[in-house]
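Working notes for the structure below.
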Number of protein chains: 2
Amino acid sequence: MRIGDVARRSGVSVRALRYYEEQGLLKPTRSPGGQREYGEDAVDRVRFFQQLYAAGLPSRRIAELLPCVDTGTTTAEQRAMLDAERDRIRKQIDEYTAALARLDEIVVAAADRRA
Amino acid sequence: MRIGDVARRSGVSVRALRYYEEQGLLKPTRSPGGQREYGEDAVDRVRFFQQLYAAGLPSRRIAELLPCVDTGTTTAEQRAMLDAERDRIRKQIDEYTAALARLDEIVVAAADRRA
DNA sequence: GTAGAACCTACCGCTGACGTCAGGTGCAAG
DNA sequence: CTTGCACCTGACGTCAGCGGTAGGTTCTAC
């Protein structure tokens with residue numbers, strides 16, 4: 001698959017795919033002419049990246065845990081990082097939930113006024 | 001209260017407080033010498049900002065909904081914005097939850113391997 | 001009245017995940 | 001063989017929420 005196909009199928013831009021490679025997240029082979037050639041798994045991998053990006057993980061962290069995904073094993077360091085990230089995400093969810101409650105308060109207060 | 005006091009009490013930097021003013025979130029009065037003078041409610045307001053920032057609301061949105069908080073009423077436009085933000089936050093929570101599940105999978109898979 | 005902490009404005013710097021050129025090359029179709 | 005789209009590298013631009021610095025002023029304490 002060429003880069004445009006991966007982009008269309010995964011829903012990210014061509015630029016983003018080149019950026020992911022720059023960050024060490026994708027390692028496509030090259031055609032004799034120098035064009036990137038992606039395997040079938042590339043689309044799923046990109047969707048996986050998007051999920052983690054959406055949870056606030058930076059490229060570095062994603063790159064660090066790719067070996068875990070590929071080998072199915074973790075070093076002590078990787079487990080520590082995974083735990084830290086999971087903790088961070090849980091806290092984030094709490095903060096989002098709290099903020100949501102604050103916005104709800106505003107809505108409810110305004111609704112009461114109108115009632 | 002002067003800016004340093006507000007900073008210490010609310011846990012944000014002096015620089016951040018000046019930034020909030022620049023964004024129209026705080027409107028302290030000025031002393032004859034030109035120094036910012038904050039009311040007692042400033043600390044709570046800043047904590048409120050932090051909560052919303054933590055949920056991914058940009059300064060603009062926060063500025064837009066401050067009138068709602070102060071007056072306890074909302075215009076149709078403001079209600080639409082509030083609904084959109086609440087929706088966005090709920091989706092974000094879903095995405096965070098999904099990402100958390102993915103990380104959990106990795107941890108569990110690695111744990112199984114070790115077992 | 002003077003030291004020094006706290007304040008002021010103005011401005012440049014940083015990070016991250018890309019967007020957006022510019023200028024050149026690869027490749028499939030007719 | 002040429003059209004023309006897709007691709008390439010390299011490099012600068014963007015946005016948000018501040019951090020940090022420079023150079024000068026105000027306020028508080030003694």
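What you see is a predicted model; the values in this text were computed from it and never measured. Residue numbering restarts at 1 for every chain, and letters A, B, ... go by the order of the sequence lines.
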Under 3.5 Å, is there an N or O donor on one side and an acceptor on the other linking the side chain of Arg15(B) and the base of dG20(D)?
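A donor-acceptor contact between them is present.
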Between [X] ([atom1]) and [N] ([atom2]), how many Å, whole number?
X        : N       : atom1 : atom2 : answer
Ile3(B)  : dC27(D) : CD1   : C1'   : 15 Å
Glu37(B) : dT28(D) : CD    : C1'   : 14 Å
Gln35(B) : dA5(C)  : CD    : P     : 15 Å
Glu22(A) : dG19(C) : CD    : P     : 13 Å
Asp5(B)  : dC27(D) : CG    : P     : 14 Å
Tyr38(B) : dA6(C)  : OH    : P     : 16 Å
Arg36(B) : dA6(C)  : CZ    : C1'   : 13 Å
Met1(A)  : dA6(D)  : CE    : P     : 17 Å

Any side-chain N or O of [X] below 4.0 angstrom from OP1/OP2 of [N]?
X        : N       : answer
Tyr19(A) : dC18(C) : no
Ser31(B) : dC27(D) : yes
Tyr20(A) : dC18(C) : yes
Arg30(B) : dT9(C)  : yes
Arg18(B) : dC8(C)  : yes

Closest non-hydrogen atom pair, Ser59(A) against Leu25(A):
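Where Ser59(A) meets Leu25(A) most closely, the heavy atoms are O-CD2, 3.8 Å.
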Check [Y] with [X], please: is the shortest side-chain N to carboxylate O separation under 4.0 Å?
X        : Y        : value
Glu37(B) : Lys27(B) : no
Asp94(B) : Lys91(B) : no
Arg30(B) : Glu21(B) : yes

Between Tyr20(A) and Tyr53(A), is the gap from one ring center to the other below 6.0 Å?
yes
Side chain to side chain donor-acceptor pair (under 3.5 Å) partner of Thr73(A), the single match among Thr71(A), Thr75(A), Asp70(A):
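The option that passes is Thr71(A).
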Within residues 39-69 of chain B, the residues having a heavy atom closer than 4.0 Å to DNA chain C are none
Nucleic acid contacts - residues 89-103 of chain B versus DNA chain C, non-hydrogen atoms under 4.0 Å
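The answer is none.
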Applying side-chain hydrogen bond (donor to acceptor under 3.5 Å, both in side chains), run through Thr74(B) and Arg79(B) and close with a yes or a no.
CA-CA 6 Å; Thr74(B) 52; Arg79(B) 278 190 294 278; 2.9 Å; yes
Please list all pairs meeting salt bridge (Lys or Arg N to Asp or Glu O under 4.0 Å) that have one or both residues in residues 4-20 of chain A, counting only residues at least two apart or in different chains.
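For residues 4-20 of chain A: Asp5(A)-Arg8(A), Arg9(A)-Glu40(A).
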Would you classify Arg2(B) as touching base, sugar-phosphate or nothing, given that sugar-phosphate means primed atoms plus P, OP1 and OP2, and contacts are heavy atoms under 4.0 Å?
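Sugar-phosphate contact only - Arg2(B) comes under 4.0 Å of backbone atoms but never of a base.
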Does any part of the side chain of Leu57(B), heavy atoms only, come nearer than 4.5 Å to the side chain of Arg88(B), both counted from C-beta?
yes
Should Arg86(A) and Asp104(B) count as side-chain neighbours, where that means a heavy-atom distance under 4.5 Å?
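Counting from C-beta outward, Arg86(A) and Asp104(B) do come under 4.5 Å.
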